[in-house]
Amino acid sequence: MTKQQMNVKLLIISFLLCLLPFFLKAQTVYEGQVINAVTQDALVNATVALQQGKQATATNQQGYFQLIIDEKISADTLIISFVGFKTYRLAVAASQQNILVELQSQTNQLAQVDIGTTKAKSLILENFNYADVRDLRGPSEYYATQPYYAPLVFAKQFETTTKDGILTSVIMGRRLAYDIPYLRTDLPKVSTNKLTRFLLHIMTTDTLTGKPGKKLFTKEITLNDNSLRIVIDLGNDKIVIPRQRFYVAIEWIHAPVNEVVRLDIGEKVDKVKKDGAQKKLDVSEYYIMYQPFLVIMPRPAKSTAWTSYDGVSWIKYNQRREIALSAVVSY
Amino acid sequence: MKYLLVLLPVFCALTVNAQQKTNSFHIVDSATLKPVPAVTIAIVRAALSITTEKDGVFTIPGDLSSMRDTVVIYTQNYNPVRMALAGLDGRDTIKISMQATAGQVAKLSFKNDTLINDYNRFDVGNFVGLHIGNGEFKYLQIAQRFEASRAGTVLKNVNIERLAFYLNKSKEVPPSGKNGQYEYSELEHTTFKLRVYDVNPVTGGPGADLCDKLIEIKSRDDKKLATNLTRYNIFIPGKVFFVAIEWMRDYANMGYVHINDKLGGYKGHANYRPAIGLSPTKGDKLNIWALNLNQQWSLYTYHSPDFTDLAIKATLGY
């Protein structure tokens, strides 16, 4: 190689090195939900910050946060803090696409909730711990957590020990589409959509069949973020549960707002060579799915759930599994 | 792709002879008699549409003389041709004439920039261009209405969000038919035309073209399409203008969309890239317009009222 060629080579390398920062500049998003490890309640206004960077944000009413950084970073730490709780640190390299952070109380006393001192008593029926159930897999999981492979309506029965309780909230365990186990890949196979809308029904139990009966209450619920453990506050709706057994039902809405696009791949012939060999191109096949995707979990022995394609005729749900759904009743 | 219209006789409900006739047409410029590339041919009632390749050739199988439908032939800077499909019988060339243009505008230069219709791109999760209900998406263009704070600006830049996944580049399949080897993965390619329109004072929708040059955008490696338009010298005379995506309904852009029904079955149809993002920022009025196969603009209401704007942001110089 001549000296002139060397110089040209060095010039090109220097030029490429100068361009490197422009290629490396990319936005990074950290998002997740911060909850109390013991009560599983969302921690509102918890602080989420990068240790070295200047960016910080606070969690919303569902404990959800989104931190957008104008560069790609690999050696910083996410610090998540809330008064009365131990600070949580997570290396950004270990951060997943949507993290669930369970903060531990600093004292044991703070972790205990003494409901005996309040006027009304609260009970969480069919309680679940989101962190315990989010990674559960099942052979039919994909089919069970989204319509219309799954039905239009899912109804789960709850049982209270007292009459005339008031339903104050419903808790729902949700998955994001890319977190459905078979869609977890290095390269995304599904789009993300923060908007979700569905109907929540509270229903009686039919005295003859035990199936979902009359609708007592219906409310359209809209979710605007990617939080995973959803608390639907019904405190202002004054829903009196007239019988000891009632149903909470989720009805999917087949509307554009709920759409998520899943990629499947077909093939199309691009060129045919003289020897008959074919050059094939992948062709995208988009499948439209509808949110919300709900976490499926092992079914407790006494649990009863039904599904319906039309909201009228009901089919007994999978005998071994059910959807993560809790009801909070005060009395 | 030129043979996509093979479905046409089915829609026209005709008696087709056992040996089907094939009709090929060349679209040429009426003045130069040279082929016009990337022309869109829409069969209105059958709701079929394709875009020709560079040679301006397309084919319709069947007996044209007995087909009862309307064909619309159009491309940027040319007067649209609308005629009875039966009128094509016996012809092999279609001449289209160029529209009169306003002439060259002096090079525009402005000191300050303003960004309009901004949004958080990470919150873009819904897309236009995949389907309408359980059927195919049957629009030729989709346009975003912009309203600047002042008249007399220049359009310098647009950013568009699109839906794109990684696909394998290509696959070599030997004559034996055994599985071949894939090359590397890359983002779905797309090519489309960008159009810029003035407001139509009668309809309030897109009106006259504000750029007579062809703006063809090709993307191979990004979901965010940032396009510098300064070299096109696009002057915006009033406050209101439109930026539109014109799909090229050709082989390279074609994929499929499957929509499920309430009983769990899926129905598939052809689809043309790119699907365009909807802005997560909701405005107080609908600003999205769509051009149907019959060349008529109307407000695009399918994603309304949840979405009012496309995920297209524009930078204006003033």
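These numbers come from the heavy atoms of this one structure, side chains and all, not from hydrogens, waters or symmetry mates. Each chain gets a letter, A, B and so on, in the order its sequence line appears, and its residues count up from 1.
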**Student:** Can you tell me how far the CZ atom of F127(B) sits from the CG atom of N193(A), to the nearest 0.5 Å?
**Tutor:** 8.5 Å

**Student:** Considering non-hydrogen atoms only, spot the tightest contact between D123(B) and Q66(A) and give its length.
**Tutor:**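 Distance-wise, the nearest heavy atoms are OD1-NE2, 3.4 Å.
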
**Student:** Minimum heavy-atom separation for G255(B) to V283(A), with atom names?
**Tutor:**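 Result for this residue pair: CA-CG2, 3.6 Å.
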
**Student:** Hey, what do you get for CZ (F122(B)) to OG1 (T192(A)), rounding to the nearest 0.5 Å?
**Tutor:**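 Going from the CZ atom of F122(B) to the OG1 atom of T192(A) covers 10.0 Å.
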
**Student:** Is it true that, when you exclude E216(B) itself, more than 12 heavy atoms of the residues, nucleotides or ligands shown sit nearer than 6.0 Å to its CD?
**Tutor:** yes

**Student:** How long is the straight-line distance from CG of N134(B) back to NE2 of H254(A), given to the nearest 0.5 Å?
**Tutor:** 5.5 Å

**Student:** Indicate yes or no for a side-chain donor-acceptor contact from N126(B) to the backbone of P256(A) under 3.5 Å, with no hydrogens or angles considered.
**Tutor:** yes

**Student:** Is L278(B) in contact with chain A via its backbone, its side chain, both, or neither, using a 4.5 Å heavy-atom distance?
**Tutor:** neither

**Student:** Test Y286(A) against every option in Y272(B), F165(B), Y256(B) by the ring-ring contact (aromatic ring centres under 6.0 Å, His included) rule and name the one that passes.
**Tutor:**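 Of the listed residues Y272(B), F165(B), Y256(B), the ring-ring contact (aromatic ring centres under 6.0 Å, His included) partner of Y286(A) is F165(B).
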
**Student:** How far apart are the C-alpha atoms of I259(B) and Y287(A), what are their side-chain angles, what is the distance that settles it, and do they pass the side-chain contact (heavy atoms from CB on, under 4.5 Å) test?
**Tutor:** CA-CA 6 Å; I259(B) 305 148; Y287(A) 283 78; over 6 Å; no

**Student:** Could you tell me which portion of V261(A) (side chain, backbone, both or neither) has an atom closer than 4.5 angstrom to a non-hydrogen atom of chain B?
**Tutor:**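 Both backbone and side chain.
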
**Student:** Please classify the contact of Y302(B) with chain A as side chain, backbone, both or neither, using a heavy-atom distance under 4.5 Å.
**Tutor:** both

**Student:** Please examine the side chains of D306(B) and R197(A), heavy atoms only from C-beta on, and report whether any two atoms are closer than 4.5 Å.
**Tutor:**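 In contact.
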
**Student:** Using non-hydrogen atoms only, which part of A252(B) is less than 4.5 Å away from chain A: side chain, backbone, both, or neither?
**Tutor:** backbone

**Student:** Could you walk me through whether I288(A) and H131(B) satisfy the side-chain contact (heavy atoms from CB on, under 4.5 Å) test, starting with their C-alpha distance in whole Å, then the side-chain angles of each, then the deciding distance to 0.1 Å, before giving a yes or no?
**Tutor:** CA-CA 9 Å; I288(A) 308 295; H131(B) 67 102; 4.0 Å; yes

**Student:** Could you give the distance from CD1 (I68(A)) to CZ (R121(B)), rounded to the nearest 0.5 Å?
**Tutor:** 10.0 Å

